[in-house]
Amino acid sequence: MDNYFRALLKQKTLLILLSLVALFFIFDVLGIMGFVSDVTQKITTPIQISLYKSHNDIKGFLSVISEIGSLKQKETDLEYENSLLLAENASLKKLEVENKLLREQLGDKISGNKLIVASVIGQDPLFSVSRILISKGRNYGIEEGNFVILKNILIGKVSATHNSSSLVILLTDPESKIPAITSNGARGILEGEFGNRMSLKNVVQNETLQVGEIIFSSGEAEYPKGLVLGKIKSIDKNPSAIFQNAEVSPLVPFEDLETVFIMQKI
Amino acid sequence: MKELILFTILIVVASFIQVSILALPIGSFVVLFWFNINKTKHLIFFATLFSLVLAIISDLPVFLVLMSTTFTIGLFAALRSVLPSKNFIAYSLLVFSAISWEAFLVASLRLINL
């Protein structure tokens, strides 16, 4: 048996490390660490961006090679899905025009949002949480609680800001809970789960859920209404349970994101 | 001296990999690996370097990362002192302690509601 613990105590290593913890805590409170981080991040951010992008490129290349056999089938499926979406898009455009006219007639003031573009510079270093780091922070007016989107797809919410970067909590993080509604009107709560997964929970039994159905934010709990959250992958319906649940997959793979937009209220 | 430079580079690279490529506690594993071989020699330097680099590039509070690293070192030392000094046990302890580092850091982050 080796006495590692005695060595730690004898050399006062533990004591020194704990004193350093206290010292860094004081530095953090005084804002000294913020200053050090800002200066250092000017050098580290480009390295992080190139590492992150190179990793994504290599991953993409390898996945193409491994999936080459099933690409033909995928193409056929996508063509079919695309034609359905085109039809849906055409009818939505018509509705959009009608909606705009109605809003103008009713004198509705639509609250605007300013979009700030940011690069994804990395992920959270912890395996059990789903967060990403983006290249814009307080210097650009980013605040905690700002929503992060890609087109009309909600990616997550800013959970912490630094001067030149921000931490975004993704929809797949276990802490993320968003009031949601399906395209057929079934309401529930979209919750992130361990292992980069999402579930639509608390949907009452008499509501109808369908595989492939798109899920939107319902506009409650400070979340903007109508942002796309994901697509139903499978349904878990047990007649003896009060609620039914569904597994939801994101429309964009969060791990491959390179650019995102931050919604800033104006 | 060579070993010191090699581990310094290894810790910096491991921190970058952890943030940009693979979200596994690689950096804390490297620090513990050093501790397992060289005991307390330069341990403070490596633990602080790892905590500083990781905290800065991933926007985490340095004191929390260092606290988790200190906790992990303490845990590894305590278990290593009571368990038989066989290689298999030592390496299993390294993996276990690195996982504990992650668990402790996640718990502390939740606690301060970051």
Side-chain angles (χ1 to χ4, degrees), chain A residues 1-14 16-18 20-29 33 36-41 44-45 47-56 58-59 121-131 133 137 159-162 164-167 175, chain B residues 12 15-28 35-36 39-41 43-44 47-48 51-71 73-85 90 93 99 101-103 105-106 109-110 113-114:
Chain A
M1 277 190 274
D2 299 319
N3 210 330
Y4 278 72
F5 201 71
R6 193 174 291 166
L8 272 184
L9 294 176
K10 202 178 164 189
Q11 302 290 326
K12 292 183 179 155
T13 312
L14 269 185
I16 297 168
L17 282 172
L18 287 171
L20 282 169
V21 170
L23 190 74
F24 281 122
F25 175 71
I26 295 165
F27 282 177
D28 209 46
V29 172
M33 284 322 296
V36 174
S37 292
D38 283 347
V39 176
T40 321
Q41 278 178 352
T44 57
T45 304
I47 302 170
Q48 281 178 266
I49 293 175
S50 28
L51 262 176
Y52 187 77
K53 284 191 174 169
S54 312
H55 166 239
N56 275 353
I58 294 167
K59 205 170 75 178
I121 57 173
Q123 61 205 348
D124 200 289
L126 304 167
F127 178 68
S128 51
V129 289
S130 303
R131 289 167 204 203
L133 275 168
S159 66
T161 54
H162 213 271
S164 52
S165 63
S166 301
L167 196 62
E175 272 186 29
Chain B
V12 175
S15 305
F16 272 95
I17 289 175
Q18 201 170 329
V19 176
S20 302
I21 298 173
L22 195 65
L24 290 176
I26 312 162
S28 58
F35 180 41
N36 187 46
K39 290 199 174 172
T40 54
K41 192 181 159 193
L43 183 65
I44 297 167
T48 314
S51 307
L52 259 172
V53 175
L54 188 77
I56 287 171
I57 62 175
S58 62
D59 259 352
L60 291 170
V62 185
F63 74 94
L64 274 188
V65 183
L66 187 59
M67 196 164 76
S68 303
T69 312
T70 308
F71 162 80
I73 290 168
L75 179 76
F76 177 78
L79 292 173
R80 188 86 167 80
S81 303
V82 289
L83 293 169
S85 58
L93 271 181
I99 295 166
W101 172 87
E102 157 123 5
L105 188 54
V106 171
L109 283 168
R110 294 259 154 92
N113 199 19
L114 197 79

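Hydrogens, waters and symmetry mates play no part in the numbers below; they use all other heavy atoms, side chains included. As the structure is a prediction and not an experimental result, all values here were calculated from the model.
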When A/L18, A/T44, A/D38 are compared by non-hydrogen pairs under 4.5 Å with chain B, the top option: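 When all of A/L18, A/T44, A/D38 are compared, A/T44 has the most.
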
Flag if over 12 foreign heavy atoms under 6.0 Å of NZ, A/K59: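 Check passes, neighbour count above 12.
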
Distance in Å, [X] [atom1] paired with [Y] [atom2], rounded so as to fall on 0.5 Å steps:
X	Y	atom1	atom2	result
B/T69	A/L20	OG1	CG	11.5 Å
B/I17	A/L51	CD1	CG	8.0 Å
B/D59	A/R131	CG	CZ	12.0 Å
A/H162	B/I56	NE2	CD1	8.5 Å
B/I73	A/L14	CD1	CG	8.0 Å
A/S37	B/I57	OG	CD1	11.0 Å

Per-residue contact mode, [X] against chain A (heavy atom under 4.5 angstrom):
X	answer
B/L52	side chain
B/L24	both
B/F71	neither
B/I44	both
B/A78	both

Close side-chain approach of B/V62 to A/F27, heavy-atom, < 4.5 Å: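 No; the side chains remain at least 4.5 Å from each other.
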
Heavy-atom closest pair, residues B/S58 and A/L167: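 That closest heavy-atom pairing would be O-CD1, 4.3 Å.
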
Donor-acceptor pair, side chain of A/Q48 and main chain of B/V19, under 3.5 angstrom: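 The answer is no, because no donor-acceptor pair under 3.5 Å joins these two groups.
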
Given that the side chain runs from C-beta out, which part of [X] has a heavy atom under 4.5 Å from chain B: side chain, backbone, both or neither?
X	answer
A/I26	neither
A/L133	side chain
A/S166	backbone

Pair A/F24 and B/F63, ring centroids less than 6.0 Å apart: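 No; B/F63 has its ring centre 6.0 Å or more from that of A/F24.
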
Leading residue by heavy atom contact count with chain A [cutoff under 4.5 Å; candidates B/W101, B/F76, B/F35]: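 So the answer, after comparing B/W101, B/F76, B/F35, is B/F35.
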
